[in-house]
Amino acid sequence: MMETDKLTYEQLLVENDQLRFRLEEANDTIEAIRNGQVDALIVKNGDEHQLYTLKTADQTYRVFIEKMNEGAVTLNRDGVILYSNSRFAAMVDEPLEKVIGLKFNVFVPEISCDKYDEIINNGWDADCKGEMLLSSRDDKLTPCLISCTTLDLDEGTALSLILTDLTIQKEAEWELKVKNDQLEEAQDAAERLNNQLEDTVRARTSDLLISREHFKLLANNIPQMTWTNLPGGEVDFYNQRWFDYTGRRYGETEGWGWQQIVHPDDLQKTIDAYLASLKSGKVFELENRYRRWDNTYRWHLNRAVPLRDDTGEIIFWVGTATDIEEQKKQLDLKDEFIGVASHELKTPLTSLKGYLQLISAYKKEELPPVVKQYVEKASGALNKLQRLVNDLLDVSKIHAGRLEYMLSEVNLGNLVNSSTENAAHIYPEFQFVNTVQGEVLIIGNAERLEQVIMNLINNSVKYSTDDKRIIIKTEVIDDVARVSVTDFGIGLSPEQIDRIFERFYRVEDKKFMASGLGMGLYISAEIIGNHHGKIGVESELGKGATFYFEIPLIKR
Ligand code: ADP
């Protein structure tokens, strides 16, 4: 019966359909188990069928297991996987349906075999945990933590494994280790640095100690009184000489306490100059009187210079007070002498001048021309001498506070005009350019102001070089009258400008030495000061100078 032995094409189709049906059924079963819809599984074992029921037939748990992040498998005694969740299948990179029925150890790499055996063997006895590697189809190794628990199923005991992927944890541990190593290295470096720093600080401290001792030694052994003060002005140190001189203790004159030692007449100007220096950061320099322990006052020259840090900020000031009482006395004596001498010189000079005038007025025909010439020369020299004596007298008067004169309304323009005419007469080789802006009325002393104007013109002539132009301007700016004299001569440096109005100051220039005693500008500044005005100069070395003064206009 060939027909009965051989399967017909139709029979094959039927069989094929049946097989597909069974496959679908099997897939449905697996899906159903996974979703918790069925609780039992029949596994064909040779000719026998074995039934596995899932005793914990709780659908919720199964869903839970299916969704959890750990791999979950159940093994029978032979290590065959009875159940796996999708996460485990993903860990070993196999389709879920292929995983079930395989022996678990196909996913255990050689290196972890012993560990696996140990965990499983222990697991059958009691709950246990252990770490090992899991290998996937493409030999990717995953570090895992395996927790074992036995499960009592109807058909016997099974072993449940929960596998936690430790990759991220291991990476984190590794990163942590690297970071730890780096931290340790940094700590080492910090410690080394700290040690170096400590060494430096120790060295600096000893340097500081030495330099403080140096400072103290120096401060206590110089003849001056010294102090240091903070940027705000408070004195925080005096040398021994200060305490010896004042007879006071530190607490009495520290901070601003020094004010009680200053002569009451000098106090305001001392405070003003001190505050001005603190504000500007410029050297403090001033003469004043300090009270000694025996209540007598002695003149002192004070100087304080600021000490700055790398950024230019002032850290503190170092000040000195030098006793100039003796010099002051000598200076007073000298001034007194100058005063008396110039006064004594004045009388014979006046009579000399009178006699010369008498001679020059003598009948012309009776005087040989050469004598007339001599008389003119003598008059010129006499005028110069008289100016010098007058200046000396003025200086001693200023010093004694006795430079007095009458004040009246003065037309400054007229005064400048006549002075310029006079100058043009005396210095014919110079070219004077004079501009006066209308009527310029002020209150003053015409004679003294003329003295100032002539002094400025004389200087501009004296300190001119090849360029013989002198420009004189009288103008009104806001409510002041301003007279300026410009030359194109040797000019002045900023340092020289700072000092030229001092008494007897002269620029020391070996190349260019003009006659003079350094009194003219000092007297001029005093006169302008008495007129409530201001005197000044704008100049650059080698480029000439413009000297000017300003006096308030009469208010109408
Ligand atoms: P002196 O009698 O020496 O001229 P002054 O008091 O008039 O005394 O001037 C003081 C100093 O100022 C002079 O020695 C000179 O160095 C300087 N000086 C004055 N006027 C001028 C100027 N026009 N150009 C340059 N330097 C001048």
Side-chain angles (χ1 to χ4, degrees), residues 264-277 279-280 282 285-288 335 390-420 434-460 471-486 492 497-505 518-539 545-556:
D265 292 352
D266 300 339
L267 187 57
Q268 198 51 52
K269 70 169 184 181
T270 304
I271 293 173
D272 289 349
Y274 191 63
L275 289 177
S277 284
K279 199 167 160 216
S280 67
K282 285 193 184 148
E285 195 171 282
L286 171 104
E287 290 178 9
N288 65 4
D335 279 311
N390 282 341
D391 277 357
L392 279 171
L393 209 55
D394 283 349
V395 168
S396 72
K397 278 185 194 163
I398 291 171
H399 191 64
R402 280 188 277 111
L403 190 71
E404 288 154 356
Y405 37 76
M406 305 286 287
L407 297 177
S408 60
E409 188 174 291
V410 176
N411 185 339
L412 211 51
N414 288 348
L415 217 56
V416 174
N417 282 339
S418 64
S419 301
T420 312
N434 177 30
T435 48
V436 175
Q437 192 190 70
E439 196 177 50
V440 185
L441 294 177
I442 55 133
I443 294 289
N445 181 287
E447 218 174 295
R448 286 298 185 180
L449 289 174
E450 194 179 353
Q451 186 183 346
V452 175
I453 297 164
M454 276 317 288
N455 179 234
L456 297 187
I457 294 177
N458 284 334
N459 277 348
S460 64
I471 294 164
I472 302 162
K473 258 193 219 164
T474 308
E475 52 198 328
V476 170
I477 300 171
D478 297 329
D479 52 359
V480 296
R482 178 183 158 107
V483 175
S484 62
V485 180
T486 303
L492 291 154
I497 288 175
D498 280 346
R499 302 202 53 194
I500 47 170
F501 294 100
E502 287 173 19
R503 187 163 66 143
F504 305 134
Y505 177 80
M519 293 185 289
L521 288 179
Y522 171 68
I523 298 168
S524 300
E526 190 67 23
I527 292 170
I528 298 301
N530 286 346
H531 282 77
H532 309 292
K534 180 179 144 192
I535 190 164
V537 60
E538 286 150 7
S539 178
T546 295
F547 278 84
Y548 64 88
F549 66 83
E550 291 170 357
I551 292 177
L553 287 171
I554 291 178
K555 285 203 178 79
R556 296 277 179 211

**Report entry** salt_bridge(R503, D335) N-O dist < 4.0 Å
**Finding:**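 Salt bridge present between R503 and D335.
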Report task. Give the intermediate values and the outcome of side chain to side chain contact (heavy atoms under 4.5 Å, CB included) for residues H532 and I551. Result -> CA-CA 7 Å; H532 309 292; I551 292 177; over 6 Å; no
Report task. Decide whether a cation-pi geometry holds between R482 and Y548; the criteria are a distance under 6.0 Å from NZ or CZ to the six-membered ring centre and an angle within 45° of the ring axis. Result -> yes
Taking atom [atom1] of [X] and atom [atom2] of [Y], what is their separation to the nearest 0.5 Å?
X	Y	atom1	atom2	result
N434	T474	CG	OG1	6.0 Å
S277	E285	OG	CD	9.5 Å
R448	L415	CZ	CG	13.5 Å
E409	L441	CD	CG	4.5 Å
I398	I527	CD1	CD1	6.5 Å
S539	I497	OG	CD1	5.0 Å

Over all heavy atoms of both residues, which pair between [X] and [Y] is shortest? Give the atoms and the distance, please.
X	Y	value
S419	I453	CB-CG2, 3.8 Å
A273	L286	CB-CD1, 4.0 Å
I528	E550	CG2-O, 4.2 Å
K473	T435	CG-OG1, 3.2 Å
L521	I500	CB-O, 3.7 Å

Query - Flag if over 12 foreign heavy atoms under 6.0 Å of CG, D478 - result: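 Atom CG in D478 is not crowded, with 12 or fewer foreign heavy atoms closer than 6.0 Å.
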Requested in this report: Mark yes when over 12 heavy atoms from residues, nucleotides or ligands other than K282 sit less than 6.0 Å from its NZ; otherwise mark no.
Outcome: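 Result for NZ/K282: open.
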**Report entry** Under 3.5 Å side-chain donor-acceptor pair for Y405 and N530
**Finding:**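 Distance-only check passes for Y405 and N530.
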Report task. Would you sort out whether F547 and N459 count as a side chain to side chain contact (heavy atoms under 4.5 Å, CB included), showing the intermediate values? Result -> CA-CA 10 Å; F547 278 84; N459 277 348; 5.7 Å; no
Is the backbone of [Y] close enough, under 3.5 Å, to the side chain of [X] for a donor and an acceptor to pair up by distance?
X	Y	result
H531	I442	no
Q437	V476	yes
N445	M406	yes

Heavy atoms, side chains only, cut-off 4.5 Å: are [X] and [Y] in contact?
X	Y	value
Q451	D391	yes
T486	S460	no
V485	F549	no
V480	L553	no
E439	N411	yes
I472	V416	yes
L412	L449	yes

